[in-house]
Amino acid sequence: MKKIEAIIRPHKLDEVHNALLEAGFAGLSVTEIRGYGRQKGHKEIYRGSEYNIEFVPKIKIELVCDDEKAEKAISIIIQNSKTGEVGDGKIFVLNVEETIRIRTEESGNSAI
């Protein structure tokens with residue numbers, strides 16, 4: 001099993017979510033986060049004053065899937081979140097040793 005963590009632009013969440021649902025990825029978690037990468041934030045002007053925004057708002061999507069479905073999920077996330085500009089985000093893929101559904105105590109792929 002793989003855990004896919006994707007950090008994307010907030011306005012791309014609905015596109016990514018709908019595409020993942022259509023492809024059969026039923027469960028995912030979404031968290032509002034703030035951070036920066038290479039762009040190191042940005043500057044904004046508010047009422048004539050310039051402000052340095054160090055931590056940019058982003059969305060973190062997390063999902064766990066079978067090894068065979070991981071490439072499909074990654075492809076969907078890239079296709080639906082890419083703008084081609086700096087700040088599009090990152091995808092992290094981690095190995096999952098075990099998954100256990102608390103309610104039924106099922107484990108492995110059947111617990112996803």
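Small disclaimer: the values here were computed from a predicted structure and weren't measured. Any value given below was found using the heavy atoms of this structure, including those in side chains, with hydrogens, waters and symmetry copies removed.
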Trainee: If you take all heavy atoms of Ala111 and Glu106, which pair is closest and at what distance?
Mentor: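 Heavy atoms of Ala111 and Glu106 come nearest at CB-O, 3.5 Å.
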
Trainee: Drop me the distance from Lys90's NZ to Ile77's CD1, to the nearest 0.5 angstrom.
Mentor: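 It comes to 14.5 Å.
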
Trainee: If you draw a 6.0 Å radius around CZ in Arg34, do more than 12 non-hydrogen atoms from other residues or ligands fall strictly inside?
Mentor: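 Counting neighbours around CZ of Arg34, 12 or fewer heavy atoms of other residues, nucleotides or ligands fall under 6.0 Å, so no.
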
Trainee: Using a 4.5 Å cut-off on heavy atoms from C-beta on, say whether the side chain of Arg9 contacts that of Lys58.
Mentor: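 Heavy-atom side-chain distance check passes, below 4.5 Å.
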
Trainee: Glu71: which residues meet the side chain to side chain donor-acceptor pair (under 3.5 Å) condition with it, sequence neighbours left out?
Mentor: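 In terms of side chain to side chain donor-acceptor pair (under 3.5 Å), with neighbours along the sequence ignored, Glu71 is linked to no residue.
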
Trainee: Please list, chain by chain and in numerical order, all residues satisfying salt bridge (Lys or Arg N to Asp or Glu O under 4.0 Å) with Lys12, sequence neighbours excluded.
Mentor: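 For Lys12 the salt bridge (Lys or Arg N to Asp or Glu O under 4.0 Å) partners, ignoring immediate neighbours, are Glu15.
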
Trainee: If two hydrophobic side chains count as joined below 4.5 Å and joins carry through other members, does Leu13 share a cluster with Ile78?
Mentor: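 Yes, because Leu13 and Ile78 connect within a single hydrophobic cluster, where side-chain heavy atoms sit under 4.5 Å apart.
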
Trainee: Quickly, which of Ile91, Val93, Leu63, Leu94 forms a side-chain contact (heavy atoms from CB on, under 4.5 Å) with Glu5? Name it, please.
Mentor: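 One option only clears the test, and that one is Leu94.
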
Trainee: Taking the side chain as C-beta and beyond, is there a heavy-atom pair between Leu28 and Leu21 under 4.5 Å?
Mentor: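 Result no, sub-4.5 Å side-chain heavy-atom pair not found.
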
Trainee: So if I apply the side-chain contact (heavy atoms from CB on, under 4.5 Å) rule between Glu62 and each of Val30, Ile4, Thr31, which one comes out positive?
Mentor: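 For Glu62, the side-chain contact (heavy atoms from CB on, under 4.5 Å) check succeeds only for Thr31.
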
Trainee: Under 4.5 Å between side-chain heavy atoms, counting indirect links through other Ile/Leu/Val/Met/Phe/Trp/Tyr residues: same cluster for Ile112 and Phe25 or not?
Mentor: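 In one cluster with Ile112: Phe25, no.
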
Trainee: Examine Val56 and Ile59 and state if one hydrophobic cluster contains both, with Ile, Leu, Val, Met, Phe, Trp and Tyr joined whenever side-chain heavy atoms are less than 4.5 Å apart.
Mentor: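 Result: no, two separate clusters.
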
Trainee: With a 4.5 Å limit on heavy-atom distance, are the side chains of Phe92 and Ile7 in contact?
Mentor: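 With C-beta onward as the side chain, the pair touches.
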
Trainee: Give a yes or no on whether Glu105 atom CD has more than 12 heavy-atom contacts from other residues, nucleotides or ligands under 6.0 Å away.
Mentor: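 No, not enclosed.
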
Trainee: Just by modelled atom types, is the Met1 backbone N or O under 3.5 Å from a matching donor or acceptor in the Asp66 side chain?
Mentor: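 Checking the backbone N and O of Met1 against the side chain of Asp66, no donor-acceptor pair under 3.5 Å is found.
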
Trainee: Please round to the nearest 0.5 Å and tell me the distance separating atom CG of Asn18 and atom CG of Asn80.
Mentor: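 With rounding to 0.5 Å, CG (Asn18) is 9.0 Å from CG (Asn80).
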
Trainee: In the single-linkage hydrophobic clustering (I, L, V, M, F, W, Y; side-chain heavy atoms under 4.5 Å), do Ile76 and Ile8 co-cluster?
Mentor: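 In one cluster with Ile76: Ile8, yes.
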
Trainee: For the pair Asp88 (side chain) and Thr83 (backbone), establish whether a donor and an acceptor sit closer than 3.5 Å, ignoring hydrogens and angles.
Mentor: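 Yes, the answer is positive, given that a donor and an acceptor are paired below the 3.5 Å cut-off.
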
Trainee: Applying side chain to side chain donor-acceptor pair (under 3.5 Å), can you list everything that pairs with Asn95, at least two apart in sequence or on another chain?
Mentor: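 Applying side chain to side chain donor-acceptor pair (under 3.5 Å) to Asn95 gives Lys2.
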
Trainee: Identify the two heavy atoms, one from Ser107 and one from Ile100, that lie closest to each other, and give their separation to 0.1 Å.
Mentor: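 Looks like CB-CG1, 4.1 Å.
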
